[in-house]
Amino acid sequence: MERYDPQAIEAKWQEVWANEQTFHVPNPDPSELADDRSRSYVVEMLPYPSGDLHMGHTLNYTIGDVITHMRRRKGMRVLRPMGYDAFGLPAENAAINEGGHPRAVTERNIASIREQMHRMGWAIDWGREISTHDPAYYRWTQWLFLRFYERGLAYRKEAAVKWCPNDQTVLANEQVVDGRCERCGAEVEAKSLTQWFFRITDYADALLDEMDTLEQWPERVLTMQRNWIGRSQGARVVFSVEGSGEELPVFTTRPDTLFGATFFVLAPENPLVAELVAGSEHESEVLDYVRRTAARSEVEREEKEKDGVFTGRFAVNPVNGESIPIWIADYVLIGYGTGAIMAVPAHDERDHAFAERYGIEIRPVVVPEGEELPEGIAFSAHTTGEVLVNSGDFDGLASPEAKEQIVAWLGDRGLGEATIGYRLRDWLFSRQRYWGCPIPIVHCPSCGEVAVPDDQLPVVLPDITEVAPKGRSPLAAAEDWLHTMCPACHGAATRETDTMDTFVDSSWYFIRYTDPANTDLPFDREIADFWLPVNQYIGGIEHAVLHLLYARFFTKVMNELGLCSFREPFARLFNQGMITAGGAKMSKSKGNVVNPLEFADRYGADTVRLYTLFMGPADEDMDWQANGLEGIWRFLNRLWRIAHEQARVPAGEPGDGQLARKAHRTIAKVTDDIDRRFSFHTPIAAVMELVNEIQRHPDDPAARFATETAVSLIQPYAPHVAEELWGVLGEGRLWERAWPEADPALLVEDEVEIVVQVNGKVRDRLRVAATTEQEELLALALASERVQVYLDGKELRKTIVVPGKLVSLVV
Ligand SMILES: [Zn+2]
Ligand SMILES: [Zn+2]
């Protein structure tokens with residue numbers, strides 16, 4: 001018996017798989033397209049090609065691999081492709097750090113990461129590889145943009161936007177986490193700029209309502225999306241500026257508190273601000289406040305003490321004609337609602353703090369039924385059983401009823417209406433960076449914005465040398481590329497110089513995989529309909545309101561464009577946990593980054609793959625322990641030795657003894673754990689247990705069968721060593737063998753051990769048929785000679801019988 005040499009074995013099988021294209025899955029023939037029952041589409045979120053494979057990749061792609069292998073062996077047609085999210089900030093920043101042109105650095109990184117993926121032995125269909133920076137791919141990203149543009153779903157407008165001073169570009173709302181840039185952690189700034197948006201808000205209801213079909217998504221992702229979209233029932237109420245009559249609409253979920261509005265607040269960015277104070281004594285103070293706000297991040301605005309300035313103007317409350325002062329305060333954000341609020345300090349915490357600070361009247365208008373007005377006036381946010389006070393004709397009405405009647409009253413007078421509010425804003429997708437997909441738009445002095453015709457796609461990203469961000473798109477300096485002919489009037493025009501955010505590229509890649517070489521369309525509808533929705537999508541929770549929301553939006557639009565029949569891209573989603581080292585997130589600055597390849601060189605890829613999934617539940621965070629690999633390494637060596645020993649035993653009938661039953665139970669557990677429970681660590685422990693049993697009973701008639709079973713079940717995790725051992729034990733190729741099936745007749749344990757306790761102490765153990773019932777168990781326990789010694793004619797005061805486990809007697 002040779003010793004287990006993972007390096008030699010892994011190189012050997014990887015070469016076979018590459019040469020034979022073992023995991024390439026051709027598309028079905030047209031005649032097969034109608035029946036997609038046996039297909040399974042497994043996709044992991046595609047990596048940014050930043051150079052080195054890290055533990056997050058290893059976990060993500062090994063989970064996908066286990067599912068892929070198992071489903072293949074269950075006879076399914078499993079598509080499992082790979083690609084690279086090659087455009088965008090991560091790749092560009094990597095290039096700037098490493099020095100070199102983003103294209104050269106990205107392509108070098110792709111080559112390197114592809115090689116590392118081969119080294120891990122993942123079962124990928126390499127015939128479908130795509131990269132989002134490839135013009136053959138982004139031609140279709142541009143084509144899709146144009147379809148959105150034609151429908152008014154992509155548009156350009158000036159807006160208050162979030163700016164990352166470090167990355168020198170605007171960000172989408174979804175990329176701002178707690179007021180910081182999702183990429184680099186810098187505090188974002190507010191700016192007013194003309195930018196490109198996707199009208200995702202048109203799909204707010206569809207994104208919410210169609211979540212009902214996502215039964216196989218983790219609830220927390222659905223909750224995050226639901227909260228992000230933030231649909232609420234409320235009312236649009238129109239206040240007006242005293243003197244000018246200009247309308248000041250607000251959105252409120254509490255129209256029942258309108259009589260408690262004692263002041264009005266505009267966000268500093270509200271375009272009305274300058275007009276309101278023009279030429280007044282308040283002008284300089286207000287504009288100074290607006291300037292100071294612009295320098296603050298949203299977090300600062302949220303956290304700092306509420307402050308503001310009075311404009312000297314008043315708003316008229318439509319329910320009672322009362323004039324209330326208009327203030328400017330930065331706790332009101334332009335991004336939400338209308339950028340203006342009616343402030344009700346008695347029933348809103350922030351309004352309350354503001355009113356206290358500036359001595360503004362606090363007037364309660366709802367109180368719990370049967371209670372007096374509160375002593376002094378404290379903030380109260382009652383939610384149930386409340387009635388109106390201080391509210392004119394509406395006094396005494398219950399709050400829900402008052403909401404309806406007040407909105408109806410406003411509606412009759414054209415001063416308001418019931419409406420639904422959303423937290424979701426349109427998706428800002430233009431970036432002032434070089435390394436991205438060009439937006440196929442031309443700006444013409446006579447025609448304005450003109451779409452580049454389809455037959456002129458792709459608009460190729462030019463190679464330029466000065467790519468570092470400077471606050472405006474580096475493409476503006478690419479003179480040859482910039483100046484072009486207007487497609488409409490053939491006059492001189494310039495190209496759009498912003499590029500698309502990388503999240504646009506990744507909003508449809510999972511469909512391109514199904515038809516990656518198509519030069520007529522992004523993908524063929526019938527082929528896409530065959531493979532999608534994705535049966536199993538795997539990726540991090542950090543994409544909950546980014547990629548996972550955007551991909552759903554894109555899919556709905558593609559469906560309405562007639563490009564595909566499905567409206568949801570991912571039927572089932574799994575979020576893997578994070579692997580930490582020494583309890584901390586891995587990072588270069590902490591010096592605790594674990595390189596999986598380094599361990600693969602020492603122990604083999606199989607050991608790394610197994611250990612990565614053995615650490616714990618894959619959907620929870622796990623801590624990497626280098627010494628844990630040793631245990632897995634010893635296990636594989638034990639399996640290696642046992643398989644070689646058992647290979648010398650002639651294959652015979654395994655029979656139905658304990659070991660045969662154990663093997664069948666292991667099959668049932670591994671299958672159920674992976675396929676249904678998504679538990680990837682427990683199957684490894686189950687196979688280890690089986691191997692221990694074989695080691696204890698090497699001469700059992702089922703020992704060889706049990707060994708074959710162990711090798712067969714570990715194959716999805718450790719495909720190289722399993723294949724090698726199968727060559728010793730079995731026939732043909734293991735990856736082509738059907739997944740083992742458990743014999744239901746052998747799943748029940750025929751005999752079990754029953755513990756008999758007397759006064760809490762174990763006095764005997766009985767082996768009985770597993771089906772033995774309570775009464776008989778008690779009789780058997782009482783009949784035991786060892787037990788009788790302790791009973792000794794004493795009075796039996798209590799008996800507890802747990803079938804299959806124990807009999808407890810108290811005397
Ligand atoms: Zn940043
Ligand atoms: Zn023109």
Side-chain angles (χ1 to χ4, degrees), residues 48 50 85 87-98 102 146 149-150 156 160-191 193 195-196 294-301 335 427-436 438-457 459 467-474 481-506 540 542-543 545-547 550 585 587-589:
Y48 301 120
S50 58
D85 200 357
F87 266 146
L89 287 181
E92 187 171 9
N93 287 341
I96 291 167
N97 291 337
E98 291 169 38
L146 291 174
Y149 183 71
E150 288 161 2
R156 195 163 167 258
V161 298
K162 315 279 179 357
W163 175 265
C164 174
N166 184 41
D167 287 319
Q168 294 277 300
T169 183
V170 298
L171 301 170
N173 284 331
E174 289 80 7
Q175 287 168 316
V176 181
V177 179
D178 295 335
R180 290 173 183 277
C181 169
E182 175 240 357
R183 294 269 176 246
C184 70
E187 279 198 17
V188 301
E189 296 168 0
K191 281 200 179 193
L193 292 170
Q195 295 294 322
W196 285 93
R296 287 182 189 134
S297 71
E298 258 179 41
V299 188
E300 256 182 285
R301 287 170 67 164
W427 169 14
L428 198 180
F429 70 92
S430 47
R431 295 292 176 270
Q432 293 68 57
R433 295 287 294 235
Y434 164 68
W435 190 236
I439 297 171
I441 289 286
V442 163
H443 299 285
C444 169
S446 351
C447 316
E449 230 170 71
V450 182
V452 174
D454 286 359
D455 61 9
Q456 291 176 29
L457 299 182
V459 174
V467 302
K470 290 181 214 69
R472 64 174 196 141
S473 180
W481 177 87
L482 180 70
H483 296 287
T484 186
M485 190 179 78
C486 168
C489 72
H490 305 293
T494 55
R495 294 190 183 280
E496 170 63 53
T497 56
D498 282 359
T499 54
M500 296 188 208
D501 181 21
T502 181
F503 279 113
V504 183
D505 307 327
S506 59
E542 69 274 17
H543 291 289
V545 295
L546 288 157
H547 165 62
Y550 298 150
K585 190 173 173 178
S587 77
K588 276 184 188 159
S589 58

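Both counts, for ligands and for their atoms, begin at 1 and track the order of listing.
- Between the side chain of R495 and the backbone N or O of T484 there is no donor-acceptor pair closer than 3.5 Å.
- Residues F503 and H543 form a side-chain contact, since some pair of their non-hydrogen atoms from C-beta on lies under 4.5 Å apart.
- Between the side chain of S473 and the backbone N or O of T497, at least one donor-acceptor pair lies under 3.5 Å.
- Between Q168 atom CD and Q432 atom CD the span is 9.5 Å, to the nearest 0.5 Å.
- No donor-acceptor pair closer than 3.5 Å links the side chain of T499 to the backbone N or O of W435.
- Sorted by chain and number, the protein atoms of type N, O or S within less than 2.8 Å of the Zn ion (ligand 1) are C164 SG, D167 OD2, C181 SG, C184 SG.
- Each protein N, O or S atom less than 2.8 Å from the Zn ion (ligand 2) was counted, giving 4.
- For the pair D167/R433, a side-chain contact is recorded, criterion being any heavy-atom separation below 4.5 Å from C-beta on.
- Contact annotation: the side chain of T494 approaches that of H483 to within less than 4.5 Å [non-hydrogen atoms, C-beta and beyond].
- In this structure a side-chain-to-backbone donor-acceptor pair under 3.5 Å is present from Q175 to A172.
- Annotation: side chain of V459 is in contact with side chain of W481 (closest heavy-atom distance under 4.5 Å).
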